Amino acid sequence: MGTDQDVLEDLLAGNQRHVAGLADDHFADVQDGQQPAVVSICCSDSRVPQVDMWDADEPGTVFTPSNIGNQVWDEVDGDQIVNGGLLYPIAHAGTEVAAVVGHTGCGAVTAAYNVATGGDMPGPQGVDKWVDLLVPVVEEAIESGQVDTDADDETVINQLVEYNVDTQVQFLREAADVPDDVAVYGFVYDFQGIYGDDGGRTYLVNYDGETETDVIAEQIPDEYADAVRRLLA
């Protein structure tokens with residue numbers, strides 16, 4: 001990784017390349033505000049490129065909140081509410097599509113699974129808060145029978161990742177603060193070859209609450225059929 005100074009210089013050099021690659025009018029259309037077409041909430045994992053996964057080159061197109069475990073909620077005074085980073089563009093910038101993006105091998109889901117099966121919180125407190133919010137999801141998934149708990153750990157974790165995406169999508173669809181006309185889609189970003197051989201593909205696992213792959217496939221063009229897959233029945 002190099003020294004702290006090396007990292008700083010890499011950041012400065014990377015930004016310099018970024019600036020050099022932009023057209024003079026790159027930000028012209030978004031000087032006075034933003035109206036992103038989609039809010040895409042992803043896990044904070046450094047292996048998950050929030051904008052690049054959608055090949056979104058133009059500014060103002062994708063609003064990109066993230067947190068540990070791609071959670072659409074937060075907790076305030078004991079109440080579970082919609083995460084403000086996700087809700088802001090819906091409430092204030094006209095965004096009408098939300099994408100919940102989990103990823104294979106998620107560390108947050110793994111940590112929650114460890115806690116749910118008798119292990120300790122990973123620490124420190126700021127991390128534990130988000131893991132703790134995921135533990136009930138994992139417990140519910142195990143009790144549902146949808147997860148093959150007799151399988152190897154990799155299989156279990158990735159099934160839990162998908163279950164978590166479904167749960168987050170459902171929470172948004174039922175949240176009073178999210179208008180009924182906001183479409184919510186659930187994806188899993190695969191860089192480990194779990195769903196298929198195409199590294200970096202986002203697999204559509206939930207279409208606004210629909211989880212039957214045959215039904216989902218009917219809603220999208222045939223050319224994207226390979227992107228519709230699920231691990232859970």
Side-chain angles (χ1 to χ4, degrees), residues 40-50 52-54 64-73 98-122 127-128 130-173 184-217 220 224-233:
S40 176
I41 187 162
C42 304
C43 185
S44 302
D45 195 295
S46 63
R47 299 167 293 182
V48 181
Q50 295 189 61
D52 288 350
M53 72 167 69
W54 307 121
T64 55
S66 65
N67 58 49
I68 297 171
N70 46 274
Q71 299 181 64
V72 304
W73 49 49
V100 179
V101 188
H103 69 90
T104 55
C106 179
V109 171
T110 302
Y113 178 62
N114 289 339
V115 173
T117 53
D120 296 327
M121 282 286 184
V127 174
D128 288 350
W130 292 100
V131 172
D132 192 47
L133 290 172
L134 277 180
V135 171
V137 177
V138 170
E139 292 174 338
E140 180 184 89
I142 293 172
E143 292 172 1
S144 74
Q146 293 187 55
V147 174
D148 183 5
T149 54
D150 293 327
D152 59 89
D153 285 349
E154 180 181 65
T155 298
V156 171
I157 294 304
N158 285 312
Q159 288 181 342
L160 288 171
V161 165
E162 192 173 285
Y163 190 95
N164 180 44
V165 169
D166 287 343
T167 301
Q168 306 292 330
V169 168
Q170 191 63 24
F171 182 85
L172 278 185
R173 296 184 73 244
V184 187
Y185 305 121
F187 298 87
V188 176
Y189 184 79
D190 185 5
F191 56 84
Q192 297 175 323
I194 302 300
Y195 285 79
D197 296 329
D198 295 331
R201 184 179 292 279
T202 54
Y203 288 91
L204 180 61
V205 300
N206 192 305
Y207 183 98
D208 213 14
E210 178 60 62
T211 59
E212 291 290 336
T213 54
D214 291 345
V215 179
I216 295 174
I220 61 176
Y224 305 122
D226 287 344
V228 180
R229 298 185 188 180
R230 282 181 62 86
L231 303 179
L232 299 173

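All figures in this text were calculated on a predicted structure; none of them were measured in a lab. Values below: all heavy atoms of this structure, side chains included; hydrogens, waters and symmetry mates excluded.
- Here the side chains of Tyr189 and Cys42 are not in contact, with every heavy-atom distance at 4.5 Å or above.
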**Test side chain to side chain contact (heavy atoms under 4.5 Å, CB included) applied to Val109 and Asn158, step by step** = CA-CA 9 Å; Val109 171; Asn158 285 312; over 6 Å; no
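- Here the CG-OH distance, from Leu204 to Tyr185, works out to 8.5 Å after rounding to the nearest 0.5 Å.
- Here the straight-line distance linking atom CH2 of Trp54 with atom OG1 of Thr202 works out to 4.0 Å at 0.5 Å rounding.
- Pairing each heavy atom of Ile68 with each of Ala108, the nearest pair is CG2-CB, 3.1 Å.
- Remark: Asp128 pairs with Met121, Pro122 by the side-chain contact (heavy atoms from CB on, under 4.5 Å) rule, at least two apart or across chains.
- Residues Phe187 and Tyr203 keep their aromatic ring centres 6.0 Å or farther apart.
- Checked against side-chain contact (heavy atoms from CB on, under 4.5 Å), Ala225 has no partners two or more places apart in sequence or in another chain.
- Heavy-atom contacts from other residues, nucleotides or ligands closer than 6.0 Å to CD of Glu212 number 12 or fewer.
- Tested against Asn70 for a side chain to side chain contact (heavy atoms under 4.5 Å, CB included), the candidates Val48, Val100, Val161, Val101 yield a single pass: Val100.
- Judged by distance alone, the side chain of Asp45 and the main-chain N or O of His103 form no donor-acceptor pair under 3.5 Å.
- Closest approach of Ala151 and Val156 over heavy atoms only: O-CG2, 3.8 Å.
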**Request:** May I have the step-by-step check of side chain to side chain donor-acceptor pair (under 3.5 Å) for Gln170 and Asp166, ending in yes or no?
**Result:** CA-CA 6 Å; Gln170 191 63 24; Asp166 287 343; over 6 Å; no
For residues 130-147, dump all side-chain donor-acceptor pairs below 3.5 Å to protein atoms at least two apart in sequence or in another chain.
unit_1: Glu140; atom_1: OE1; unit_2: Tyr163; atom_2: OH; d: 2.7
unit_1: Ser144; atom_1: OG; unit_2: Ala141; atom_2: O; d: 2.6
unit_1: Ser144; atom_1: OG; unit_2: Gln146; atom_2: N; d: 3.1

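- Within the model, atoms CG of Leu231 and CG of Asp190 stand 8.5 Å from one another, a figure rounded to the nearest 0.5 Å.
- A pairwise comparison of heavy atoms in Gln50 and Met53 identifies O-CG, 3.7 Å as the closest pair.
- Annotation: the span from Leu232 atom CG to Leu160 atom CG amounts to 8.5 Å, rounded to 0.5 Å.
- The salt bridge (Lys or Arg N to Asp or Glu O under 4.0 Å) test applied to Asp208 returns Arg173, not counting sequence neighbours.
- Thr211 contributes atom OG1, which lies 4.5 Å from atom CZ of Arg230 (distance to the nearest 0.5 angstrom).
- Taking the side chain as every heavy atom from C-beta outward, Val228 and Tyr224 never approach each other to under 4.5 Å.
- With sequence neighbours excluded, the residues that form a side-chain contact (heavy atoms from CB on, under 4.5 Å) with Asn114 are Thr110.
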Listed pairs under 3.5 Å, donor-acceptor, residues 191-200 side chains, sequence neighbours left out:
unit_1: Gln192; atom_1: OE1; unit_2: Thr104; atom_2: OG1; d: 3.2
unit_1: Gln192; atom_1: OE1; unit_2: Gly105; atom_2: N; d: 3.3
unit_1: Tyr195; atom_1: OH; unit_2: Glu162; atom_2: OE1; d: 2.5
unit_1: Asp198; atom_1: OD2; unit_2: Arg201; atom_2: NE; d: 3.2
unit_1: Asp198; atom_1: OD2; unit_2: Arg201; atom_2: NH2; d: 3.0

